[in-house]
S.K.: 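Quick one: this structure, given as structure tokens, is what I'll be asking you about.
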Amino acid sequence: MQIRQAREGDARAIAYVHTESWKTTYRGIISDEFLDHLTTEARIPQWEQMIRSGEKEQILLVAEQADGENVGFACGGREREGKLPYDGEIYAIYLLQASQGQRIGTMLASQVVQHLHKLKLRSLLIWALEKNSACRFYEQMGGTVVHSQALSIGGKDQLEVAYGWEDLQLFGERSTSQE
């Protein structure tokens, strides 16, 4: 498994991972009708734009198998909303279902965090739907819920939670606090 910076030509594979992981991760959480209408083609422009932007404060990484297949991606940079006291953010981290549970997500997230360290950022935020099974992963990586907000996806109300790390250096450290 190779984790590398996304480059020209990766947008289709990233868009595929993005849509397919939504369809498997959010089935039963988000309406089937919404998920069934997600297409790789609709997501390609978003990822082409990010790859071409050359934004130095953002990073987009892919997880590539030895055969060249992209099985996951992650991206991050400066925190985007400015509502909470965190300066770094992992914007997205997605893996194809067959590649989950193999520490690929940990490798991707760790490399995004390394990039944030290089930017001299000190804290981190990740948003996830409350019912997303990835929430356990964020908790295992030491994140704690620091905020929540309501949003609507496909006509259904959802709760989105923010996991935070006040000290970016503690990312990956299991939380020892007892709640």
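Predicted, not measured: the structure shown is a model, and the values here were computed from it. Keep in mind that the numbers below use all heavy atoms, side chains included, and drop hydrogens, waters and symmetry copies.
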S.K.: Could you give all pairs that pass the salt bridge (Lys or Arg N to Asp or Glu O under 4.0 Å) test and reach residues 58-69, with sequence neighbours left out?
M.R.: Arg4-Glu64

S.K.: Should the pair His147 and Trp127 be assigned to parallel (<30°), tilted (30 to 60°) or perpendicular (>60°) ring geometry?
M.R.: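 Perpendicular: the ring planes of His147 and Trp127 meet at over 60°.
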
S.K.: Looking at Tyr91 and Arg78, would you say the former's side chain and the latter's main chain have a donor-acceptor pair under 3.5 Å?
M.R.: yes

S.K.: Tell me whether Arg12 is salt-bridged to Glu41, with the criterion being a basic N under 4.0 Å from an acidic carboxylate O.
M.R.: yes

S.K.: Looking only at non-hydrogen atoms, find the nearest pair between Arg43 and Leu38 and report the distance.
M.R.: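 For Arg43 versus Leu38, the nearest heavy atoms are NH2-CD2, 3.6 Å.
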
S.K.: Per the salt bridge (Lys or Arg N to Asp or Glu O under 4.0 Å) rule, what does the pair list look like for residues 109-125, sequence neighbours excluded?
M.R.: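 Every pair satisfying salt bridge (Lys or Arg N to Asp or Glu O under 4.0 Å) with a residue in residues 109-125: there are none.
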
S.K.: Write down the atom of Gly72, the atom of Leu108, and the distance for their closest heavy-atom approach.
M.R.: C-CD1, 4.1 Å

S.K.: Indicate yes or no: at least one non-hydrogen side-chain atom of Glu130 is less than 4.5 angstrom from one of Cys135.
M.R.: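 The answer is no; the side chains never approach within 4.5 Å.
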
S.K.: Ignoring hydrogens and angles, tell me if any N or O in the side chain of Asn70 forms a donor-acceptor pair with the backbone of Val62 under 3.5 Å.
M.R.: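 Pair absent, no side-chain N/O of Asn70 close to backbone of Val62.
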
S.K.: Can you say whether the rings of Phe171 and Trp165 are parallel (under 30°), tilted (30 to 60°) or perpendicular (over 60°)?
M.R.: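 The arrangement is tilted - the two ring planes meet at 30° to 60°.
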
S.K.: Measure the shortest side-chain to side-chain distance between Gln46 and His18 over non-hydrogen atoms and say whether it is less than 4.5 angstrom.
M.R.: yes

S.K.: Any heavy-atom pair between the side chains of Thr144 and Tyr138 that's under 4.5 Å?
M.R.: no

S.K.: Would a 4.5 Å heavy-atom cut-off, applied to side chains only, mark Val112 and His115 as touching?
M.R.: no

S.K.: For Tyr94 and Trp22, does a side-chain donor sit closer than 3.5 Å to a side-chain acceptor?
M.R.: yes

S.K.: Can you confirm whether more than 12 heavy atoms, excluding those of Gln65, are under 6.0 Å from its CD atom?
M.R.: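 Correct, the count exceeds 12.
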
S.K.: Salt bridge (Lys or Arg N to Asp or Glu O under 4.0 Å): which pairs involve residues 21-33, sequence neighbours left out?
M.R.: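 Output for this query lists Glu20-Lys23, Arg27-Asp32, Arg27-Asp36.
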
